[in-house]
Amino acid sequence: MIKLRMMPVGLLGANCYLLCNEETKEAVLIDPGADYPRIKRQLDIDAMSVKAVLLTHGHFDHCNAVSEFKKDGAKVYIHGADKILLETDLNMSSLTGEVFRSFVPDVLVSDGDIITECGITFSVLHTPGHTAGSVCYLVGDGIFTGDTLFCMGVGRTDMPTGDAHALENSVRNVLFALNGDYKIYPGHGETTTLEFERRNNPYV
């Protein structure tokens, strides 16, 4: 059984997701952007060890606790186009005065990749626009959309490697083009559904 927790972290309240396999006592994290001690404390309470970190993109508010989880032995995944954000101030940490804790990813993902960690299978959807390497992770009936798609909103495109046309294409022709409905777990704010956003999102 997979247990899902959502923890808003850091100054910008980015959603970190903990997917815990209660049989193996192993966990996958999506976007641990800050607050390593708080996330680790919750994992310890649940008696979970982190095996992998999946990043939706390379902005600091989604990955600034990754270096600590790497020290704990976690394998880190990110799209290749966002690797440059981890190596320069393009990760936007300088805008808030945050010190970026750099790290080297273990796996550079691409569109269509299938990742299996902790008994959980993730399908990678490359959804550029917020950043060039933004991805969404499809898991069962849910999609972790990072800053590509929010409840009644979409991600900003006025930061380095952002592209408004690419974002619109990603939402309309990748996410909205999926068959059926999915639960949407965004990078900020409340959860929503794909069908609700198809019908009501004012930005696409």
Side-chain angles (χ1 to χ4, degrees), residues 7-19 27-40 50-115 117 122-138 144-150 154-167 169-171 174 185-188:
M7 298 178 65
V9 298
L11 294 174
L12 302 183
N15 291 332
C16 172
Y17 295 96
L18 292 65
L19 287 80
V28 177
L29 302 185
I30 297 179
D31 288 359
D35 298 343
Y36 169 80
R38 185 162 68 92
I39 299 170
K40 185 68 164 60
V50 175
K51 296 302 180 184
V53 173
L54 276 57
L55 299 174
T56 61
H57 62 292
H59 284 156
F60 81 98
D61 57 319
H62 291 257
C63 64
N64 216 14
V66 170
S67 63
E68 296 299 321
F69 287 109
K70 270 206 65 137
K71 292 177 186 176
D72 293 340
K75 183 189 295 186
V76 179
Y77 296 78
I78 193 171
H79 192 277
D82 267 18
K83 187 172 180 286
I84 190 173
L85 273 62
L86 310 179
E87 302 167 342
T88 67
D89 61 2
L90 296 180
N91 59 64
M92 309 306 293
S93 57
S94 59
L95 289 184
T96 63
E98 290 279 320
V99 175
F100 185 67
R101 297 169 176 83
S102 62
F103 60 92
V104 177
D106 299 288
V107 180
L108 301 180
V109 303
S110 299
D111 184 61
D113 283 356
I114 303 297
I115 300 167
E117 290 282 359
F122 303 83
S123 299
V124 178
L125 304 174
H126 185 207
T127 52
H130 180 63
T131 65
S134 286
V135 299
C136 299
Y137 296 102
L138 193 157
F144 296 87
T145 57
D147 287 2
T148 296
L149 179 65
F150 304 129
V154 295
R156 292 175 57 174
T157 58
D158 59 343
M159 294 182 283
T161 79
D163 183 321
H165 293 296
L167 180 67
N169 180 71
S170 291
V171 175
V174 178
Y185 300 99
H188 298 267

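Predicted, not measured: the structure shown is a model, and the values here were computed from it.
Between Tyr77 and Pro105, the closest side-chain pair of non-hydrogen atoms is not below 4.5 Å. Two residues are said to be in side-chain contact when any heavy atoms from C-beta on lie closer than 4.5 Å; Thr148 and Leu167 meet this criterion. Within the 4.5 Å cutoff, the side chain of Val107 has no heavy atoms near those of the Val76 side chain. Counting heavy atoms from C-beta outward, Val66 and Val53 have side chains that approach closer than 4.5 Å. Under the 4.5 Å side-chain criterion, counting only non-hydrogen atoms from C-beta, Thr145 is not in contact with Phe150. Within the 4.5 Å cutoff, side-chain heavy atoms of Val109 are placed close to those of Ile115. For the pair Asp89 and Phe60, the minimum side-chain heavy-atom distance is 4.5 Å or more. Between Leu138 and Phe144, the closest side-chain pair of non-hydrogen atoms is not below 4.5 Å.
Across every non-hydrogen atom of Ala132 and Thr161, the tightest pair is N-OG1, 3.1 Å. Looking at every heavy atom in both residues, Ser110 comes nearest to Asp113 through N-OD2, 2.8 Å. For the pair Pro32 and Leu55, the tightest heavy-atom approach, listed with the atom from each and the gap, is CD-CD2, 4.0 Å. Considering all non-hydrogen atoms of both residues, Ser102 and Ser67 come closest at O-CB, 3.7 Å. Residue Gly58 comes nearest to Cys63 through the heavy atom pair O-SG, 3.8 Å, listed as atom of the first residue, atom of the second, then distance. When all heavy atoms of Ala74 and Ala52 are compared, the closest pair comes out as CB-N, 4.2 Å.
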How far apart are the C-alpha atoms of Glu98 and Asn64, what are their side-chain angles, what is the distance that settles it, and do they pass the side-chain contact (heavy atoms from CB on, under 4.5 Å) test?
CA-CA 9 Å; Glu98 290 279 320; Asn64 216 14; 4.0 Å; yes
With side-chain contact (heavy atoms from CB on, under 4.5 Å) as the criterion, how do Val124 and Tyr137 come out once you've worked through the C-alpha distance, each side chain's angles and the decisive distance to 0.1 Å?
CA-CA 5 Å; Val124 178; Tyr137 296 102; 3.9 Å; yes
For Ile39 and Leu29: C-alpha separation, side-chain torsions, deciding distance, then whether side-chain contact (heavy atoms from CB on, under 4.5 Å) applies.
CA-CA 10 Å; Ile39 299 170; Leu29 302 185; 4.2 Å; yes
How far apart are the C-alpha atoms of Ile30 and Leu19, what are their side-chain angles, what is the distance that settles it, and do they pass the side-chain contact (heavy atoms from CB on, under 4.5 Å) test?
CA-CA 8 Å; Ile30 297 179; Leu19 287 80; 3.9 Å; yes
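Side-chain contact check for His126 and Asp111: no donor-acceptor pair (N or O, by modelled atom type) lies under 3.5 Å. For the residue pair Asp82 / His59, no side-chain donor-acceptor distance below 3.5 Å is found, with atom types taken as modelled. Defined by atom type and a distance below 3.5 Å, a donor-acceptor pair is missing between the side-chain atoms of Asp31 and Tyr185. For the residue pair Thr131 / Ser134, a side-chain donor-acceptor distance below 3.5 Å is found, with atom types taken as modelled.
Using modelled atom types, one side-chain atom of Asn91 and one backbone atom of Leu85 make a donor-acceptor pair closer than 3.5 Å.
Here the options are Lys70, Lys83, Lys51, the test is salt bridge (charged side-chain N to carboxylate O under 4.0 Å, His left out), and the partner is Asp106; only Lys70 passes.
To the nearest 0.5 Å, the span separating CE on Met7 from OH on Tyr17 amounts to 12.5 Å. Expressed to the nearest 0.5 Å, how far CG of Asp61 lies from CG of Asn15 amounts to 10.5 Å. Interatomic distance, OH of Tyr36 versus NZ of Lys71, reported as 8.5 Å (0.5 Å rounding). Remark: Arg156 CZ to Met92 CE distance equals 7.0 Å, nearest 0.5 Å. Within the model, atoms SG of Cys16 and CG of Leu18 stand 5.0 Å from one another, a figure rounded to the nearest 0.5 Å. Separating the CE atom in Met159 from the CG atom in Leu95 is a distance of 8.5 Å, to the nearest 0.5 Å.
Between Glu117 and Lys75 there is a salt bridge, since a side-chain N of the basic residue sits under 4.0 Å from a carboxylate O of the acidic one.
Taking the centre of each ring, His188 and His62 come in below the 6.0 Å mark. Checked against the 6.0 Å centroid threshold, His57 and His79 do not count as a close aromatic pair.
Checked against side-chain hydrogen bond (donor to acceptor under 3.5 Å, both in side chains), Ser170 has no partners two or more places apart in sequence or in another chain. With sequence neighbours excluded, the residues that form a side chain to side chain contact (heavy atoms under 4.5 Å, CB included) with Asp163 are His165, Ala166. In this structure, the salt bridge (Lys or Arg N to Asp or Glu O under 4.0 Å) partners of Asp35, at least two apart in sequence or on a different chain, are Arg38.
Ring geometry for Phe103 versus Phe100: interplanar angle of 30 to 60°, hence tilted.
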